[in-house]
Amino acid sequence: MLKLLCLNTATPNLRVKPDSNLAFHSLGRLTGLTRRSPTNSFFRACFCSDSSDESGSVSSSQPVVKGEVKGAESEANGSDSKASSAIMPTCPKPEYYLTVSVLPLPRRPLFAEFYMPIHVKPHLSLMHSKPNFFHGKFRLGNIYTGNKHALRLFSSDNAPSPIVTELISKQQWKSLKTHHKNASPITLLQQLLDSKTDPDLTLRYFKWSEKEFNLSYSVELSCKLLHSLANAKRYPKMRSFLHGFVKNENSISVSSVFHAISVSGDSFCANSIIVDMLVLAYVENMKTHLGFEAFKRAGDYGFKLSVISCNPLLSALMKDGKIGDVEYVYEEMMRRRIEVNVISFNTVINGLCKVGKLNKASDVIQDMKAWGVLPNVITYNTLISGYCKKGRIGKMYKADAILKEMFAIEVRPNEITFNILIDGFCKDENLSAAMKVFEEMQTQGLKPNVVTYNSLINGLCLEGRLDEAVGLQDEMVGLGLKPNVVTYNALINGFCKKGKMKEATDLFNDVVKNGISPTIITYNTMIDAYCKDGRMEDAFALREAMVDRGTFPNVTTYNSLIAGLCREGNITVVRNLINEMLNKALKADVVTYNILVDALCKEGESRKAARLLDEMVKIGLRPNHVTYNTLMDGYCREGNLRAALNVRTQMEKEGRRANVVTYNVLIKGLCKKGKLEDANGLLNEMLEKGLIPNRRTYEIVKEEMVEKGFVPDIEGHLYSISAS
DNA sequence: CTAGGGTTAG
């Protein structure tokens with residue numbers, strides 16, 4: 001019934017010289033040759049069957065394909081194309097074989113295998129994309145030394161002998177090895193898969209033989225094994241198998257894995273389970289992009305996924321900042337009717353909050369109610385936190401409203417809820433509101449913890465209310481709460497910003513005295529303070545000290561030092577420092593560039609600063625408001641208002657809307673040019689856009705307009721200006 | 001397996 005052609009030049013266990021050319025005939029066309037993992041010396045070759053008859057067997061009396069095999073591929077030496085001669089001397093052994101399994105699917109499988117030298121490079125003309133295939137793989141090393149046949153055939157009727165299964169179940173590998181020295185591992189594995197052998201045994205053999213013969217079975221065989229495990233409900237074993245598969249496999253595309261899964265078994269349910277576990281395995285192995293691709297493909301194939309894989313996928317995409325993909329997965333989950341739970345929704349809400357899509361996040365809460373999933377305290381905490389961090393004007397009012405809603409639907413706020421609100425009010429420079437929430441928290445019977453106090457202490461420090469901050473620190477100690485490094489960082493920063501370096505240094509020394517390890521933030525805070533104090537030697541000395549203690553400078557450290565040197569006008573040392581930073585594989589970030597842009601502008605070199613802006617775009621950094629505002633300020637100071645306004649246009653083209661600082665810079669620029677009417681126009685424009693003028697706006701208006709006898713015409717807005 | 005605190009630039 002089955003005739004396969006031998007390699008026409010084949011001799012059993014053929015041994016060829018590495019660089020010999022060898023013609024071979026097979027029943028298929030090579031459809032692809034791909035590299036496998038760089039650590040394994042494998043290639044993967046795909047053949048395409050030219051003809052298979054109704055019975056699914058391959059009928060042939062003529063060789064269909066004449067493949068010419070020649071050349072070599074080196075993985076150790078990299079390049080695919082020019083490797084033919086270069087790699088040979090480095091190969092460990094002169095024997096290189098190709099193993100090919102022939103799998104005329106979707107009928108009952110019949111298998112064949114034959115060996116070929118590894119120096120096989122299919123002619124491009126043989127490449128063909130039919131999905132019917134022969135497939136095989138190349139490997140280095142003389143595996144089947146005992147084999148007398150270059151070609152072996154066997155059919156699925158063959159069952160492994162009871163002796164073999166017995167040996168496997170007893171893990172008597174040595175005996176097994178002698179027993180099947182004339183068979184190939186693939187033959188035996190195939191037999192185990194086709195017979196009703198316990199899948200646990202097959203798995204055991206699979207693992208042993210891959211290790212023993214240093215080979216890697218094809219994806220199709222792996223998938224067949226997965227199917228048999230799935231049918232026997234061996235889920236934990238499937239999980240760990242797929243975990244290992246995904247971990248070691250670096251070159252097999254998601255699409256070929258899907259193809260293999262779908263052709264290796266016909267149980268739709270098993271397919272779905274395998275794919276679900278595959279997605280999870282990708283995510284757990286930090287291959288989120290592949291997990292995402294598998295998620296999409298599962299939709300194409302109609303395989304049903306579960307929260308077990310989709311939630312970790314959502315979470316991983318979130319952590320990668322791929323919010324667009326998070327939204328896609330979320331919408332697909334709905335569309336495909338994948339079960340969703342509160343964790344799925346919370347993850348999506350968190351993602352949307354992180355990018356400031358607060359209205360969308362609120363919509364998701366409505367979605368979840370519609371799906372019969374009740375929001376929990378985490379859902380609300382996430383949303384409140386989003387409003388506190390990303391909300392615009394009136395954000396705290398909104399956050400408070402969400403708290404009210406929680407009470408209304410009887411979701412009890414916890415310590416974290418209150419901590420988020422307290423921190424939000426502190427950041428909003430509304431300490432009195434923060435203190436009110438602090439009291440409310442205790443009224444509700446919830447105990448403030450270290451985080452609560454840290455938020456309040458930091459809020460007070462940023463307002464310069466240092467005595468009160470220290471008072472709170474005493475209070476927390478009195479309650480048995482131990483100040484931690486974050487507490488100290490906040491306090492140190494508060495003293496530094498007030499110019500009280502002596503107190504800051506004392507606190508810094510207290511940190512170590514109290515058995516707390518300073519963090520990079522502690523050091524950076526002190527270093528920055530030294531720089532701003534003009535004590536560059538102290539700053540550099542502390543940098544040395546931190547390295548000695550095993551904490552290494554990061555970009556922020558360098559930014560502070562660079563800014564300090566720029567203030568001194570010490571451009572040479574700045575250059576050295578930047579080089580040093582790059583040598584340590586630290587990348588300059590937006591802040592670094594902003595510091596340099598500012599330095600150039602202050603030297604009256606705004607054009608050069610503008611070139612720096614182009615440079616940052618080129619290296620993939622996105623200029624932010626500070627960048628544009630700094631550059632605009634530079635042009636304004638040079639009296640080049642036209643250039644400044646062009647920067648504003650450029651900024652808005654890049655999706656950055658003018659903020660208060662932008663207006664302050666431009667208003668001042670116009671005033672300096674005597675264009676008070678235009679400045680007044682901008683002032684109105686700013687107010688119409690709902691931007692709240694700050695202290696600086698007020699100063700500019702006062703100094704440049706009012707004191708020069710020009711009364712700004714900002715009717716209806718007069719209050720907000722004078723109140724600033 | 002989802003929520004909270006501290007550093008640098010305009």
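Below, each value reflects all heavy atoms present in this structure, side chains not excepted, and no hydrogens, waters or symmetry copies. Below, chain A is the first sequence line, B the second, and so on; all start at residue 1.
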> Do the two ring centres, one from Phe418(A) and one from Phe438(A), sit under 6.0 Å apart?
Replying inline: no
> Side chain of Ser385(A): nearest nucleotide among dT2(B), dA3(B), dA9(B)?
Replying inline: dA3(B)
> Can you find a side-chain donor-acceptor pair between Thr630(A) and Asp633(A) that sits under 3.5 Å?
Replying inline: no
> Rounded to whole angstrom units, what separation is found between the CE atom of Met632(A) and the P atom of dG10(B)?
Replying inline: 15 Å
> Has Asn493(A) got a side-chain N or O lying under 4.0 Å from the OP1 or OP2 atom of dG6(B)?
Replying inline: no
>> Counting distance alone, no hydrogens or angles: does the base of dG5(B) have a donor or acceptor under 3.5 Å from a partner atom on the side chain of Thr452(A)?
In response: no
> How many Å lie between CG on Asp528(A) and P on dT8(B), as a whole number?
Replying inline: 6 Å
> How is Asn341(A) classified with respect to the nucleic acid when contacts are heavy atoms under 4.0 Å: base, sugar-phosphate, or nothing?
Replying inline: nothing
> If you look at every strand shown and take non-hydrogen atoms under 4.0 Å, does Ile378(A) touch a base, only sugar-phosphate, or nothing?
Replying inline: base
> Under 3.5 Å, is there a donor-acceptor pair linking the side chains of Thr519(A) and Thr522(A)?
Replying inline: yes
> Please give, in whole Å, the distance from dG6(B) P to Ile521(A) CD1?
Replying inline: 8 Å
> Side chain of Thr556(A): nearest nucleotide among dT8(B), dG10(B), dA9(B)?
Replying inline: dT8(B)
>> With a 4.0 Å limit, can you tell me whether Lys319(A) has a side-chain N or O closer than that to the phosphate oxygens OP1/OP2 of dT2(B)?
In response: yes
> Can you tell me how far C1' of dG6(B) sits from NZ of Lys389(A), to the nearest Å?
Replying inline: 12 Å
>> Between P on dG5(B) and CD1 on Ile384(A), what's the gap in Å once rounded to a whole number?
In response: 13 Å
>> What's the closest nucleotide to the side chain of Asn629(A) if the choices are dT7(B), dG5(B), dG10(B)?
In response: dG10(B)
> Once you round it to whole Å, what is the distance between C1' of dG4(B) and CG of Asn458(A)?
Replying inline: 13 Å
> When you measure from the side chain of Val626(A), which nucleotide among dG10(B), dT8(B), dT7(B) comes out closest?
Replying inline: dG10(B)
> Within the structure shown, what part of the strands sits under 4.0 Å from Ile416(A) by heavy-atom distance: base, sugar-phosphate, or nothing?
Replying inline: base
> Of all the nucleotides listed (dT7(B), dG10(B), dT2(B)), which has the minimum atom distance to the side chain of Leu462(A)?
Replying inline: dT7(B)
>> Categorize Asn554(A) for me: base, sugar-phosphate, or nothing, with a 4.0 angstrom heavy-atom threshold over every strand shown.
In response: nothing
> Any ion pair linking Arg543(A) and Glu580(A) (charged N to carboxylate O, less than 4.0 Å)?
Replying inline: yes
>> Could you check whether any side-chain N or O of Asn341(A) sits under 3.5 Å from a backbone N or O of Ser344(A), counting only pairs where one atom can act as donor and the other as acceptor?
In response: yes
>> Is it true that Asn454(A) and Asn484(A) share a donor-acceptor pair across their side chains at a distance under 3.5 Å?
In response: yes
> Of the candidate nucleotides dT7(B), dT2(B), dA9(B), which contains the atom at the shortest distance from the side chain of Thr347(A)?
Replying inline: dT2(B)
> Hey, does the side chain of Lys532(A) come within less than 4.0 Å of dA9(B)'s phosphate (OP1/OP2), counting only N and O?
Replying inline: yes
>> Under 4.0 Å, heavy atoms only, any strand: does Thr662(A) hit a base, just the sugar-phosphate, or nothing?
In response: nothing
>> Looking only at the side chain of Pro312(A) (C-beta and beyond, no hydrogens), which of the listed nucleotides dT8(B), dT2(B), dC1(B) gets closest?
In response: dC1(B)
> Using a cut-off of 4.0 Å on non-hydrogen atoms, how would the nucleic acid contact of Asn414(A) be classed: base, sugar-phosphate, or nothing?
Replying inline: base
>> If we count only N and O atoms by modelled type, under 3.5 Å, do the side chains of Asn458(A) and Ser455(A) hold a donor and an acceptor together?
In response: no
> Base, sugar-phosphate alone, or nothing: which one does Lys602(A) contact when heavy atoms must sit under 4.0 Å apart?
Replying inline: nothing
>> Tell me the interatomic distance from Leu577(A), atom CG, to dA9(B), atom P, rounded to whole angstroms.
In response: 16 Å
> Donor-acceptor pair under 3.5 Å: do we get one between Asn624(A)'s side chain and the base of dA9(B)?
Replying inline: yes
> Contact class for Asn449(A) (heavy atom, under 4.0 Å): base, sugar-phosphate, or nothing?
Replying inline: base
> Between dT8(B), dG5(B), dG4(B), which nucleotide gets closest to the side-chain atoms of Asn419(A)?
Replying inline: dG4(B)
>> Any base atoms under 4.0 Å from Val485(A), or only sugar-phosphate, or nothing? Heavy atoms, all strands.
In response: base
> Which part of the nucleic acid does Val342(A) contact within heavy-atom distance under 4.0 Å: base, sugar-phosphate only, or nothing?
Replying inline: nothing
> What is the distance from CG of Leu491(A) to C1' of dG5(B), rounded to the nearest Å?
Replying inline: 12 Å
